[in-house]
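Read the numbers this way: they start at 1 and go in the same order the structure lists the ligands and their atoms. Just so it is clear, the structure is predicted and the values come from calculations on it, not from any experiment.
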Amino acid sequence: MIRGQLYINGQWRDSDTQETRGILNPFGGQAVAHVAEAGRAETKSAILSARRAFEGSDWSKWTSIQRAELLEKLGDTIEQHAEELARLETLDTGKTLIESKWDMADIAELFRYFGALAREDHSETLESPNPNSKSVLVREPIGVCGMILPWNYPLLQAAWKIAPALATGCTMVIKPSEITPLTTLKFVELASQLSIPPGVINLVLGPGQTVGAELAESLDVDLISFTGGVETGKRIMLAAANNVKRVALELGGKNPNIIFADANFDVAVDYALNAVFFHAGQICSAGSRLMVHEDIHDQFVSVLGERIKRIKLGNGLSKDTQMGPLISAAHRKKVENYIRLGVEEGAKLVIGGARPQEPELQSGYFVSPTLFTNCTNEMRIVKEEVFGPVITVERFSDEAEVVARANNTIYGLSAGFWTQDRARIERVSKSLRFGTVWVNDFNVYFARAPWGGYKQSGNGRELGRSGLEEYFEQKHLYENYEPEALKWFGK
Ligand code: NAD
């Protein structure tokens, strides 16, 4: 049984109250770990430790080359421990082991990418309007960063924040989701062996309403970087007004996947499945809103349905499993409620919609892969984030109409479309109002490409140079080499 503690100012410790939380495996439901449960007091200590490390420790004297070397070492460390980390991620989230391994490979690559960025000079010389003067834009670390994370990609999402924060010289308090802390705990344990000054990385475990809220409200936190649901994001934004801290929000999505009649049919069907059923649909960018041209609609739905029926459910740790369980009993209820709503709203339930019957699946929080057709824009299953293995299909006849419908959402995280028509590719990519648009592909992310949402899917960007910029303050430094008196006032 794994035991997890808080990591504050370079020390592992329990919470003041000795409270703990059992961490459950979504396949089987049993506890695989017990971890310390912090409250506001321990979170305040962690913030103070990050503040001291930012203002007074050796960390502030580290050169960017030293920080780059640290990031590169972290990349190597993740790679060396990828197998163990991936197993932990699967135990904690239920996703298949192969998906967890992809995550670890991405994380190693990400640390190396931000290591390379840390080596660059981020200052800019500006042309001064005055002779005998110098004007420079200097980029400095923003300070103490609070990082609040979701349960679906625990270590990947944490790494998207930790790597740029270390690259710029910030200090941090990391708060993983209270239900999936295991890989972040392991990561902090590995990082703690790399001679990072105490207080640079702090880890607090516990609920959002106390630990997360303390980070969001604190006068001593300079940036909150949050990934999670829209409603939580709004609460965090309000709380952050307390000291006008910077807020970076990566929120939910309802992501259209549009299939034009001239699409490569077989590949588009294949990706329509990939877009939704990885991690049982619990992906912010899941292409759960499928829009298919009327000329190919019936055939597309028929082939898609045959493939959906063959998806192999099971334990994420088993080699032949294609889709694991949902994260928790409560989340399964939420998904089942959406399925009920879909039927009530008049969508046609073609496949799935219930729990699987196989005895070996009864201990996991499974919902069978589900296909709805005859869907319309007004339905809640089309408008809202279901976050489960559910595809809704809408039929369309016209390019302008489908683009307008796809854009008719409060979200703007990602979208995909499939066509072989070059002119249409240009038109539709320009018209879709989403932070990422994939053409003839879906769910591609990499370290160089900024990630974030339009509209209520968030603000700011992670990854890429924009992801680094979030952790910088900009200072304009102006020096006059030969000041002369103006002799304007009271001469
Ligand atoms: P959530 O909003 O319920 O929780 C996220 C985190 O916020 C958790 O750590 C939680 O403890 C904390 N929290 C809850 N209430 C809080 C409060 N009042 N103050 C401060 N912190 C608080 O989200 P979730 O269910 O863990 O994750 C799923 C959501 O995350 C989905 O909506 C998904 O789309 C989104 N997500 C977005 C991205 C992206 O890149 N845009 C990536 C992954 C997940």
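Glu37 and Arg21 are joined by a salt bridge, as a carboxylate oxygen and a charged side-chain nitrogen come within less than 4.0 angstrom of each other. A salt bridge links Arg112 with Glu79: the closest approach of a Lys/Arg side-chain nitrogen to an acidic carboxylate oxygen falls below 4.0 angstrom. A salt bridge links Arg355 with Glu336: the closest approach of a Lys/Arg side-chain nitrogen to an acidic carboxylate oxygen falls below 4.0 angstrom. Under 4.0 Å is where a charged nitrogen must lie from a carboxylate oxygen, and between Asp220 and Lys245 no such pair does.
Ranking protein heavy atoms by distance to atom 18 (N) of ligand 1, first place goes to Arg235 NE, 3.7 Å. If you check which protein heavy atom lies closest to atom 25 (O) of ligand 1, you get Trp151 NE1, 2.8 Å. For atom 7 (O) of ligand 1, the closest non-hydrogen atom on the protein side is Phe226 CE1, 3.2 Å. At the shortest separation from atom 3 (O) of ligand 1 among protein heavy atoms lies Thr232 OG1, 4.0 Å. Regarding atom 17 (C) of ligand 1, its nearest protein heavy-atom neighbour is Gly208 O, 3.5 Å. Of all protein heavy atoms, the one lying nearest to atom 27 (O) of ligand 1 is Pro150 CB, 3.3 Å. What sits closest to atom 38 (C) of ligand 1 on the protein, heavy atoms only, is Cys284 SG, 3.1 Å. Ranking protein heavy atoms by distance to atom 8 (C) of ligand 1, first place goes to Leu149 O, 3.1 Å.
Around the CZ atom of Arg139, the shell of radius 6.0 Å holds more than 12 heavy atoms that belong to other residues, nucleotides or ligands.
Within the 3.5 Å criterion, the main-chain N or O of Val390 finds no donor-acceptor partner in the side chain of Thr370. Judged by distance alone, with hydrogens and angles left aside, the side-chain atoms of Asn255 form a donor-acceptor pair with the main-chain N or O of Ser414 at under 3.5 Å. Asn243 contributes a side-chain N or O that, together with a main-chain N or O of Leu219, makes up a donor-acceptor pair within less than 3.5 Å.
Ring to ring, Tyr271 and Trp438 are not that close: their centroids are 6.0 angstrom or more apart. Checked against a 6.0 Å centroid threshold, the rings of Phe111 and Phe187 count as neighbours. For Phe387 and Trp151, the distance between ring centers is under 6.0 angstrom. You'll find the ring centres of Tyr365 and His331 outside the 6.0 Å limit.
Each of the following atoms of ligand 1 lies closer than 4.0 Å to a heavy atom of Trp451: 39 (C), 40 (O). Contact atoms of ligand 1 toward Thr227: 5 (C), 36 (N), 37 (C), 38 (C), 39 (C), 42 (C), 43 (C), 44 (C) (distance under 4.0 Å to a heavy atom of the residue). Counting the atoms of ligand 1 from 1 in the order shown, those under 4.0 Å from a heavy atom of Ala213 are 19 (N), 20 (C). Close approach to Glu250 involves these atoms of ligand 1, each under 4.0 Å from a residue heavy atom: 37 (C), 39 (C), 40 (O), 41 (N). Within ligand 1, counting atoms from 1 as listed, the ones closer than 4.0 Å to a heavy atom of Gly212 are 19 (N), 20 (C), 21 (N). Atoms of ligand 1 found under 4.0 Å from any heavy atom of Ile148, numbered from 1 in the order shown, are 6 (C), 7 (O), 9 (O), 12 (C), 20 (C), 21 (N). Listed by number with element, the atoms of ligand 1 under 4.0 Å from a non-hydrogen atom of Ile236 are 19 (N), 20 (C), 21 (N). Atoms of ligand 1 found under 4.0 Å from any heavy atom of Asn152, numbered from 1 in the order shown, are 43 (C), 44 (C).
The residue from Tyr153, Phe434, Tyr445 that alone fulfils the ring-ring contact (aromatic ring centres under 6.0 Å, His included) condition with Trp451 is Tyr445.
At a heavy-atom cutoff of 4.0 Å, ligand 1 is contacted by no atom of Glu462, backbone or side chain. When non-hydrogen atoms are compared, ligand 1 lies under 4.0 Å from the backbone of Leu251 (N, CA, C, O) but not from its side chain. Residue-level proximity to ligand 1 for Glu231 is absent, since no heavy atom of it falls below 4.0 angstrom. In Ala216, neither the side chain nor the backbone holds a heavy atom less than 4.0 Å from any atom of ligand 1. With a 4.0 Å cut-off on non-hydrogen atoms, Tyr153 does not touch ligand 1 at all.
Of the listed residues (Gly435, Gly228, Ser177, Pro154), the one carrying the non-hydrogen atom nearest atom 35 (C) of ligand 1 is Gly228.
For Gln157, no nitrogen or oxygen atom sits less than 3.5 Å from a nitrogen or oxygen atom of ligand 1, counting backbone and side chain alike. The shortest N or O to N or O distance between Glu178 and ligand 1 is below 3.5 Å. Any N or O atom pair closer than 3.5 Å counts here, and Glu385 shares at least one such pair with ligand 1.
Taking the six-membered ring where the residue is Trp, Trp102 and Phe278 present perpendicular rings, their angle passing 60° and hence far from 30°.
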Quiz item: What's the verdict on side-chain contact (heavy atoms from CB on, under 4.5 Å) for Lys95 and Met323, showing C-alpha distance, side-chain angles and the deciding distance?
Solution: CA-CA 7 Å; Lys95 72 168 77 167; Met323 194 187 100; over 6 Å; no
